[in-house]
Each structure stands twice: as C-alpha cells, then as structure tokens.
Enquirer: 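Mind looking over this structure? Questions follow.
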Amino acid sequence: MKQTKLWINGKWESTKETTELKAPYTGEVLANVAKATAADVERAIEGAHQTFQSFKKTTAYERAEILYKVVTIMRERKQELAKILADEAAKPISAGIAELDRTIATYQFAAEAAKQSTGETIPMDAAPGVKDRIGYTKRVPLGVVSAITPFNFPFNLVAHKLGPAFAVGNTVVLKPASQTPLSSLVMAEIFKEAGLPDGALQIVTGSGGELSETLVTHPLVKKVTFTGSGAVGLKIKEKVGLRKITLELGSNAALIVEPSTPLEKIMKRGVGGAFGFAGQVCISLQRIYVHSSIYEKFTKLFVEETKKLVVGDPHDEKTDVSAMIHPDEVGRIKNWIEEAKQHGATVAAGAEFTERTCSPTVMTNVKPDMKIVCEETFAPIVSIVPYETLDEAIDLVNGSELALNAGIYTNVLTDAMKAAEEIEAGAVIINDIPTFRTDNMPYGGVKMSGYGKEGIKYAVEEMTDLKFITMKLNYE
Ligand code: NAP
C-alpha cells in the first residue's frame, strides 16, 4: 500500500496519522495519505518564509528556466500523470490528457510571465511644483502564499497558483484537496528535478477544515489563494484580515441560444460543456435558455447527442462520463432531481444511477427556484428553458447570484453586443459555450462566484505589490 508523506523544506516527512484515499470509481484504497497537524503547517510556512529571503533575489531568467523545465518534464510524463487523475479523481483518460495539455500551457505562460513583469515611468513633473525628479513602479513579490485547491482540476488549478507565484519570486505552501493529493505530491518531484530551491514549495496534506486556521491566519502568510466552493470561500474571507486574497468559487453557468444559431453545428460542443468530467467543472453548462421558436428542435437534438455518451471506467479511452467524486454526491443529485420532479420538472434524458455514477441528465419544465437551476449542481445535469425575448433571457441569466462565465450563440451583431454589455458575469463568451477557458485569459467570477482574477498575467498582479520609487536629481 502506498504511504504518502508531507513535502517540507525539500524532504519527505511521515505523519503519525494517515487517511485512506479511495478511488471514486472502484472504491479501492489507493494510498494512506499523510495527515498534517497545525504544527506541521507552521513549520512549512516558516520554511517557506526563510526560503523566500533567497528566492526573491533569483533572477527572472532563473525562475523562467525552472518553469520551462517543468513544462519539459510534464510533457514527457503526460500519460503517467493522466493515470493519476483517472485513479484519484475518476477523470476519464481523454479529459485527463486535455487537463495536462492545459497545465503544460499554464506553466509555459508562467515562464513567459516571469520575464515580462514590468512597471511604468511616472511623469513626475506633471504635478505642480515638481521638477528634476524621476519616478517609476515595479512589481515586487509578497512572500509566502497559502494555496488551497479543489479536486476537479488537480494539476491545472494547482498550476494557476504555483506558476504565477514562482514566476515573480514568491514561495508557496500548498494544501491540495483531500481527494486528490497524489497529483500535487508528484509536482514536488517535478519541481525538485526542475531546480526549484528546497522550501520554495511546501505541500501539506490533510483536512482543509482542520488546517485552515493556520494556513489562512499565520502572520508570515502574505497572500491566500483559494479555489473551491462558495461556502468555504466565505469562511476563508472572514478570517483573512488585511492579507491579499483571491477566491475562485463556483457557478451555475448559463447559455443563451438565439434563433440564428446553426443547431446541428453546436450540439456536440453543448453536450461536452454540460457533461465533461460529470459536470464537476466550475463553468459546467447548467442552464440553457433557448428561444421558443427553436426550443423543440434544440431539445430533441440535445437529448439525442446526450444519449451517445458512454458512462464507465475512467481508464477506458471510450468513457465520456465516470464516477462522481464521492458516492454521497450521487445521493445528493438524486434528491435534487426528485425534488424538481415533484414540482413539475421532467426528465428528458438520463437520471439513471449506480452506487457511484449518475448518467448525463437533461431536465425540462424547470422553474428558476429549483435547486438544479439556482444552485451549483456540480453534477451531470443540465436544464433547458424556453424564452420569448432576448431581454427576458438576459434577465434569467442575471437572476442568479453565481456568475463566472456566461455564453450566447447569435449571429446578430447587435444582440451579441447587447448580451456582452448587459450580462453580469466575469466573462461573456459569444458564439461558444460558457465552459470555454484558456489559461492566459482573465478568469474569475463576480457576485458570489469570486473575488480577484486568475489567468497568469492577472494572477501575477494579484501575487505582487506595486512598489513606487522616486529619485530627486539634485539637492535644490
Ligand atoms: P471545497 O470543498 O470548497 O474544497 C476546496 C479546498 O478547500 C480543499 O482543499 C478543501 O480541503 C479545502 N477546505 C475545506 N474546508 C475548508 C476550510 N474550512 N477552510 C479552508 N479550506 C478548506 O471544494 P471542492 O469540492 O474540492 O471543489 C468544488 C468547488 O470548487 C465547486 O464549487 C467548484 O465550482 C469550485 N471551483 C471553482 C473554480 C474556479 O476557478 N472558480 C475552479 C474549480 C472548482 P479538503 O479536501 O481537505 O476538505
């Protein structure tokens, strides 16, 4: 049985207590995972602080070289890393490879960002009475960053923390989700091989709830970056005090489909957005608002395409949808669907369950206050709702307190721009599903979906301070 350890100051450390890690698809025990105590986290933070004193003095070139080396190693080990995702997250192999390709791109963007961190010259003599003075800004690292990450993209969402932090010279204490520690622990090996100094990356595994106090409030922690559920994000925000914080939280992403849309062409994409990784994606397509003139045809095509998906073993190349992250999730989803049915909703496809899986489910006749519509389902469930006017559709999209990405399909330019202006969301995606993301675009929600932005360049801003420097050119 594999026994994992903590990664502290460049060494593997055992813990007294461990927790069993079970595969979501088979239930088999994959490993006994080290369970850190608050004292372990304190040591990790202190070590990261000490390492910061030298790491902040490394050159942009040196830091970029480390990140480029990570890119090279991950390319070579891609298949092996995808297997870790299939084991601990039940992520189908094809989706795992897609996540790793994005992770590699994320580290590459970070390597490039290391060399692009610049400031500006301030025209000091534009202020009255000021002359013979120069002024400029530069971005400076903060120190120790506490990074807390979720289970659903265990490589790429960790890369969105580590990449920008190391690009600018911060050090990191990483607390991965308890269900996906293996994909973080392998990054310790990879960064070590790439030449990252010992202590710049510390990895502590264990319960987020138990370790949170130390991770979030230790005086040497200068920034907290969290990706996960809204409920946990709020708790962290309440504790964080004056520290910088980024919160990447959940959503119930919506899409508007206008009558000008070529339905056959977008069906595969829509179904992929709704059911990829069993809907356990923060921008998973959950609400589809379709103009009433094309509603019947859209629903028929969507249901047909949904029924083509294969539910099964994540290690099988043919599998589209595998197990939910935990069997309890299946129970929750069943209840939410049942509750919706009792209030008049119809199952148009799916809603078939095993102990660990939920088949891709399409719901119609839903109402805005049903849980499957107004809350984040984080499951393979999508609702299709007809509307009469674009104003009505935009109101329905904006009716949610969750707002990461939203999408609209239309070939009418003025309608596209109206949606871009009026939809309240972190991003409006025109002529694509809201599940679209590249790793260099600014990414982050508004309302209850988040606080701050990721996307390497934007994360670099959030992980640095803007320092101003001025010099008088004479003594007059
Ligand atoms: P989660 O339950 O909120 O857990 C996320 C992380 O927080 C885990 O490492 C967890 O540790 C830790 N944690 C739990 N309780 C904590 C506490 N009281 N204080 C500090 N940390 C704590 O989320 P999840 O189920 O892993 O992920 C799903 C959620 O993440 C969804 O809501 C999804 O939308 C969101 N998400 C957002 C984005 C984005 O970019 N906006 C991306 C991906 C996912 P343990 O595992 O030990 O409990």
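First listed ligand is number 1; within each ligand, the first listed atom is number 1.
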Enquirer: Do the charged groups of Asp198 and Lys11 touch, with an N to O distance under 4.0 Å?
Expert: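 So Asp198 does not pair with Lys11 through a salt bridge.
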
Enquirer: Go through the side-chain N and O atoms of Lys161 and Thr227 and say whether any donor and acceptor fall under 3.5 Å apart.
Expert: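 Judged by distance alone, the side chains do pair up.
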
Enquirer: Looking only at N/O atoms, are Arg437 and ligand 1 under 3.5 Å apart anywhere?
Expert: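 No - when backbone and side-chain N and O of Arg437 are compared with those of ligand 1, no distance drops under 3.5 Å.
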
Enquirer: With atoms numbered from 1 as shown, which atoms in ligand 1 lie under 4.0 angstrom from a non-hydrogen atom of Ile148?
Expert: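 Those of ligand 1 that fall under 4.0 Å from Ile148 are 6 (C), 7 (O), 9 (O), 12 (C), 21 (N).
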
Enquirer: Name the option, out of Leu234, Asn252, Asn152, Thr180, that contains the heavy atom nearest to atom 43 (C) of ligand 1.
Expert: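 Nearest option to atom 43 (C) of ligand 1, by heavy atoms: Asn152.
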
Enquirer: Using heavy atoms and a threshold below 4.0 Å, how should the contact between Pro150 and ligand 1 be classified: side chain, backbone, both, or neither?
Expert: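 Both parts.
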
Enquirer: So, does Thr149 use its side chain to make a donor-acceptor pair with the main chain of Leu157 at under 3.5 Å?
Expert: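 Not confirmed, Thr149 side chain does not pair with Leu157 backbone.
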
Enquirer: A side-chain contact here means heavy atoms from C-beta on lying under 4.5 Å apart; do Lys308 and Val271 qualify?
Expert: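 When only atoms from C-beta onward are counted, Val271 and Lys308 do not touch, as no gap falls below 4.5 Å.
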
Enquirer: Quick check on contacts: which atoms of ligand 1 are under 4.0 angstrom from a heavy atom of Gly206?
Expert: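 Numbered from 1, ligand 1 contributes 47 (O).
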
Enquirer: Would you mind telling me if ligand 1 is within reach of the side chain of Phe153, the backbone, both or neither, using heavy atoms under 4.0 Å?
Expert: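 Near ligand 1, Phe153 shows nothing, with every heavy atom at 4.0 Å or more.
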
Enquirer: Does Lys341 come within less than 4.0 Å of Glu338, counting only side-chain N to carboxylate O?
Expert: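 Result for this pair is yes, salt bridge flagged.
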
Enquirer: Applying salt bridge (Lys or Arg N to Asp or Glu O under 4.0 Å) as the test, list every pair that has at least one member in residues 266-289; sequence neighbours left out.
Expert: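 Every pair satisfying salt bridge (Lys or Arg N to Asp or Glu O under 4.0 Å) with a residue in residues 266-289: Arg269-Asp432.
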
Enquirer: Any idea which protein heavy atom is nearest atom 36 (N) of ligand 1, and the distance to it?
Expert: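 Going atom by atom, the protein heavy atom closest to atom 36 (N) of ligand 1 ends up being Cys282 CB, 3.6 Å.
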
Enquirer: Please determine, by modelled atom types, if Ser212 and Lys239 share a side-chain donor-acceptor pair under 3.5 angstrom.
Expert: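 Yes, a side-chain donor-acceptor pair sits under 3.5 Å.
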
Enquirer: Look at atom 48 (O) of ligand 1 and say which protein heavy atom is nearest, naming residue and atom and giving the distance to 0.1 Å.
Expert: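 It is Gly208 N, 4.0 Å.
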
Enquirer: Identify, by atom number and element, the atoms of ligand 1 in contact range of Gly250, meaning under 4.0 Å from any of its heavy atoms.
Expert: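 What qualifies from ligand 1 is 32 (O), 34 (O).
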
Enquirer: Can you tell whether the side chains of Lys453 and Glu462 come within less than 4.0 Å, N to carboxylate O?
Expert: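 Between Glu462 and Lys453 there is no salt bridge, as every charged N stays at least 4.0 Å from the carboxylate O atoms.
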
Enquirer: Check each atom of ligand 1 against the heavy atoms of Leu157 and keep those under 4.0 Å away; list them by number with element.
Expert: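 Contacts of ligand 1 toward Leu157, numbered from 1: 42 (C), 43 (C).
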
Enquirer: Assess whether a salt bridge exists between Glu375 and Lys371, defined as any Lys/Arg side-chain N lying under 4.0 Å from an Asp/Glu carboxylate O.
Expert: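 Looking at Glu375 and Lys371, the cut-off is not met.
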
Enquirer: Using heavy-atom distances, let me know which of Leu249, Thr227, Thr19, Leu211 sits nearest atom 41 (N) of ligand 1.
Expert: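 Closest candidate by heavy-atom distance is Leu249.
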
Enquirer: Tell me the contacting part of Glu376 for ligand 1: side chain, backbone, both, or neither, using a 4.0 Å heavy-atom threshold, strictly below.
Expert: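 The part of Glu376 near ligand 1 is the side chain, not the backbone.
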
Enquirer: Considering only residues two or more places apart or on different chains, which pairs with a residue in residues 10-36 satisfy ring pair (Phe, Tyr, Trp, His ring centres under 6.0 Å)?
Expert: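 Of all non-adjacent pairs touching residues 10-36, those that pass ring pair (Phe, Tyr, Trp, His ring centres under 6.0 Å) are Trp7-Trp12.
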
Enquirer: Decide whether the shortest distance between a heavy atom of Gly209 and an atom of ligand 1 is less than 4.0 Å.
Expert: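 Yes.
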
Enquirer: Check ligand 1 against Leu404 and write out every atom of the ligand that is under 4.0 Å from a heavy-atom position of the residue.
Expert: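 That gives atoms 41 (N) of ligand 1.
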
Enquirer: Look up atom 30 (O) of ligand 1 and tell me if a protein heavy atom lies less than 4.0 Å from it?
Expert: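 Under 4.0 Å from atom 30 (O) of ligand 1, at least one protein heavy atom found.
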
Enquirer: Need the ligand 1 atom indices (1-based, order shown) with element for anything under 4.0 Å from a heavy-atom of Val232.
Expert: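 Result: 3 (O), 13 (N), 14 (C), 15 (N), 16 (C), 17 (C), 19 (N), 20 (C), 21 (N), 22 (C).
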
Enquirer: Under 3.5 Å, is there a donor-acceptor pair between the Thr246 and Lys223 side chains?
Expert: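 Distance-only check passes for Thr246 and Lys223.
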
Enquirer: So between Thr149, Leu402, Thr205, whose heavy atom ends up nearest atom 9 (O) of ligand 1?
Expert: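 Answer by nearest heavy atom: Thr149.
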
Enquirer: For atom 7 (O) of ligand 1, what is the nearest protein heavy atom, given as residue, atom name and distance?
Expert: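 Of the protein heavy atoms, Phe226 CE1, 3.2 Å lies nearest.
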
Enquirer: In ligand 1, which numbered atoms sit nearer than 4.0 Å to a non-hydrogen atom of Pro176?
Expert: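 Under 4.0 Å from Pro176, ligand 1 has these atoms: 9 (O).
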
Enquirer: Test your reading of the structure: does Ser229 have an N or O sitting under 3.5 Å from an N or O of ligand 1?
Expert: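 For ligand 1, there is an N or O atom that lies under 3.5 Å from one belonging to Ser229.
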
Enquirer: Taking only Lys NZ, Arg NE, NH1 and NH2, and the carboxylate oxygens of Asp or Glu, determine whether Glu99 and Arg102 approach each other closer than 4.0 Å.
Expert: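 A salt bridge is absent here (no side-chain N lies under 4.0 Å from a carboxylate O).
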
Enquirer: So does Lys2 get a backbone contact from the side chain of Asn32, meaning a donor-acceptor N/O pair under 3.5 Å?
Expert: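 A pair under 3.5 Å: no.
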
Enquirer: Relative to ligand 1, is Ile236 under 4.0 angstrom through side chain, backbone, both or neither, heavy atoms considered?
Expert: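 Side chain only; the backbone of Ile236 stays clear of ligand 1.
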
Enquirer: Any N or O on Ser212 sitting closer than 3.5 Å to an N or O of ligand 1?
Expert: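 Among all N and O atoms of Ser212, at least one is under 3.5 Å from an N or O of ligand 1.
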
Enquirer: Taking Leu249's backbone N and O only, do any of them form a donor-acceptor pair with Ser449's side chain (distance below 3.5 Å, no angle check)?
Expert: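 Such a contact is absent between Ser449 side chain and Leu249 backbone.
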
Enquirer: So, Phe191 versus Tyr107, ring centres under 6.0 angstrom or not?
Expert: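 Yes, they do, as the ring centres are separated by less than 6.0 Å.
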
Enquirer: Taking all atoms of both residues into account, what is the closest heavy-atom pair of Ala349 and Val303, and its distance?
Expert: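 Scanning both residues, the minimum pair turns out to be CB-CG1, 4.0 Å.
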
Enquirer: Report, in ascending order of atom number, the atoms of ligand 1 lying under 4.0 Å from any heavy atom of Ser207.
Expert: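 Matching atoms, with element in brackets: 47 (O).
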
Enquirer: For atom 35 (C) of ligand 1, which protein heavy atom lies nearest, and how many Å away is it?
Expert: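 Result: Gly228 O, 3.2 Å.
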
Enquirer: Report the nearest protein non-hydrogen atom to atom 10 (C) of ligand 1: residue, atom name, distance rounded to 0.1 Å.
Expert: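 Ranking protein heavy atoms by distance from atom 10 (C) of ligand 1, first comes Lys175 NZ, 4.0 Å.
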
Enquirer: For atom 33 (C) of ligand 1, which of the options Tyr443, Phe151, Phe378 provides the nearest non-hydrogen atom?
Expert: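 Nearest heavy atom to atom 33 (C) of ligand 1 lies in Phe378.
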
Enquirer: I need the nearest protein heavy-atom contact for atom 46 (O) of ligand 1: residue, atom name and distance, please.
Expert: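 Result for atom 46 (O) of ligand 1: Ser178 N, 2.8 Å.
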
